[in-house]
Amino acid sequence: MESLIGLVNRIQRACTVLGDYGDDTGAVSLPTLWESLPSVAVVGGQSSGKSSVLESIVGRDFLPRGSGIVTRRPLVLQLHKAESEYAEFLHLPKQRFTDFSMVRKEIQDETDKLTGKSKQISPVPIHLSIYSPNVVNLTLIDLPGLTKVAVEGQPENVVKDIENMVRSYVEKPNCIILAITPANQDIATSDAIKLSREVDPTGQRTFGVLTKLDLMDKGTNALDVLEGRAYPLQHPWVGIVNRSQADINKNVDMIAARRQEREFFVTNPEYRHLAGRMGSEYLAKLLSKDLESVINARIPGIMSLINRSIDELEAELDHLGRPVAIDAGAQLYTILELCRAFDQVFKEHLNGGRPGGDKIYGVFDYQLPSALRKLPFDRYLSLQNIRKVVSEADGYQPHLIAPEHGYRQLIDGAINYFRGPAEASVDAVHFILKELVRKAVRETQELRRFPTLQAEIASAAYDALERFREDSKKTTLRLVDMESSYLTVDFFRKLPMEVEKGGNPTATNADRYTEGHFRRIGSNVSSYVGMVSDTLRNSIPKSVVYCQVREAKQSLLDHFYTQIGQKKAKQLAELLDEDPALMERRQKCAKRLDLYKSARDEIDAVSWTR
Ligand SMILES: Nc1nc2c(ncn2[C@@H]2O[C@H](COP(=O)(O)OP(=O)(O)OP(=O)(O)O)[C@@H](O)[C@H]2O)c(=O)[nH]1
């Protein structure tokens, strides 16, 4: 059973290390484990004897003394029964204190570190573990003394702040309240009793402690309270006699003080019958036992809270995305992974699975043929223009047999018209690819967190598409130019025969310069151009796909990869910068998740050993 308090101690320490001490004021607060851990909080008015009780339980002088509000941060005091005696602070791991006056100094310094000398208070706890043969396993939280007036140099609101802080501890249903009241004062006015009645009306989790029994007026005693007639609580009141100021001044040590206390009860005729359930040693054992049974009862609840919170935090982390690594190698890897994810989505758009790639086929199947059909060959091959082009090509000497030059001029001129649809196809596919990049960036889930990288990938992809477009334009126009560079000889060799066969056997050389002659030239050129058009309708898509689509699929981000391979760690980190609020939230969630997981492991380990 002893390991239960140790278990909660470890979880409490983990909570503080990971920033969970119940003051989460974030817009969306995180689940807190601290709140659910059973603990014993020591509350009382100033000078009620709180420090004395704690020191007596520990058997050592170690708490700061002074006037005014000395305790200004919660002190989580974890007592462990052990062979040798030493103290350790959570914030100074591995440093063992055997001189307890140094412990006092460290508490003072550590308090001032957060609160300054301004006498402000802070909710961030100091964790102190004390190992000693003179203690029982117990965890106590010392809180600032309740007070009615601020002392000089303290802000006015400190009185309220203290009350709120103390209240935040004692109102938790898992908190055992150690309410310290001096016996030489009217109990009805005790701050500790007033507050504990408010938060624990049935007195189930309140332990009443009466200090200064030795200072009561002669002829009076506290039997009414100690025997449970006045101010009854579920647990019996415990009377205490601490060292007086004179004892402290004389350096009476704590072990001697414990002995004196025992003697007080055993020898005092009024309290003798209660001696077995009085004194600080008895109080410590009582609290230890109660704390263990409370922990035992709460473990199933804590476990289910832990499991629920782990699920919640993991879901939130999944939503936020896992944290970005800090070393350059891992960052580079992350960036490449993100690029790959984008590339994957982009390819799905092209290859199918996601919409958009089909628009490219639309260009080849509809836009290009329709643009080819609309070319103004009717006008270009009008009788008038044919006559003009052929005559100009002949020069001063009209052609004798066939207008070789005229044909060439007419065909070159006509082929020139194909440049327009060729370029338009390149551009149309370019814009479709650009749109697909935009869509893919937007749809790549993994990229959502990284606006800078999104923009960089998009711009690198646009640059690449621009290069592909240039190359594609050159290649595609070259296809057109090739058509003029060498004409299909067969076509023309077949022509005269067809003409002769075709139907004008009586045609003579005189016809050559008549309208019919030019019409025949027009019709020959037109069918040649028709043949070229058919060829280009098939070859332009091949060139566009080869230069643009295939390249986009294979090497859209190749340049980008080379660039990021040369970047320094800082530049890589800049590419992966996220919304700072999101980063902070993720960090908090991840820390809290670590806490819950380690708490779960701790509890599992104890469950196995029990
Ligand atoms: N005679 C006698 N003196 C006591 C007893 N308990 C505390 N005192 C004295 O009362 C004074 C205040 O005690 P502390 O233990 O410092 O009280 P505290 O509640 O911790 O005080 P603050 O930290 O200032 O709020 C000291 O001088 C103690 O010696 C007691 O049971 N008997």
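Only a predicted model underlies this, so the values are computations on that prediction, with no experimental measurement involved. Just follow the structure's listing: the first ligand is 1, and inside any ligand the first atom is 1. Side chains included, hydrogens not; waters and symmetry mates left out as well; all remaining heavy atoms used.
Counting atoms of ligand 1 from 1 in the listed order, those under 4.0 Å from a heavy atom of G45 are 19 (O). Listed by number with element, the atoms of ligand 1 under 4.0 Å from a non-hydrogen atom of S51 are 15 (O), 18 (P), 20 (O), 23 (O). Near Q245, meaning under 4.0 Å from any of its heavy atoms, are these atoms of ligand 1: 26 (C), 27 (O), 29 (O). Using a 4.0 Å cut-off to heavy atoms of L215, the atoms of ligand 1 that qualify are 1 (N), 2 (C), 3 (N). In summary, the atoms of ligand 1 found under 4.0 Å from a heavy atom of D214, numbered by their order in the structure, are 1 (N), 2 (C), 30 (C), 31 (O), 32 (N). Residue-ligand proximity, V241 to ligand 1, at heavy-atom distances under 4.0 Å covers atoms 31 (O). Taking every heavy atom of I248 and a limit of under 4.0 angstrom, the matching atoms of ligand 1 come to 29 (O). Heavy-atom proximity to G49, at under 4.0 Å, picks out these atoms of ligand 1: 7 (C), 13 (O), 14 (P), 15 (O), 17 (O), 18 (P), 19 (O).
Shown here is E227, whose CD atom has more than 12 heavy atoms of other residues, nucleotides or ligands within 6.0 Å.
At a 4.0 Å cut-off, not a single heavy atom of T71 sits close enough to ligand 1 to count as contact. For A183, the closest heavy-atom approach to ligand 1 does not fall below 4.0 Å. G44 does not count as a contact of ligand 1, since none of its heavy atoms falls under 4.0 Å from the ligand.
Between the side chains of E88 and H127, no donor-acceptor pair is found at a separation under 3.5 Å. For the residue pair Q245/N249, the side-chain donor-acceptor check at 3.5 Å is satisfied.
In this structure, F89 has its ring center closer than 6.0 angstrom to the ring center of F97.
By heavy-atom distance, the residue among Q46, K212, E261, R243 lying nearest atom 29 (O) of ligand 1 is R243. The heavy atom nearest to atom 31 (O) of ligand 1, considering only L63, N242, L213, is found in N242.
A heavy-atom distance below 4.5 Å is found between the side chains of L453 and L338.
Salt bridge status for K570 with E574: present, with a side-chain N to carboxylate O gap under 4.0 Å. With respect to R167 and E198, a salt bridge is recorded, a charged nitrogen being found less than 4.0 Å from a carboxylate O. With respect to the salt-bridge test (charged N to carboxylate O, under 4.0 angstrom), the residues D99 and K105 do not qualify.
Annotation for E171 and V199: closest pair CB-CG1, 3.9 Å, computed over non-hydrogen atoms.
For I180, no heavy-atom contact with ligand 1 is shorter than 4.0 Å. Within the 4.0 Å heavy-atom criterion, neither part of V53 lies near ligand 1.
For the pair R277 and Y282, the NZ or CZ position fails the cation-pi test of under 6.0 Å to the six-membered ring centre and within 45 degrees of the ring normal.
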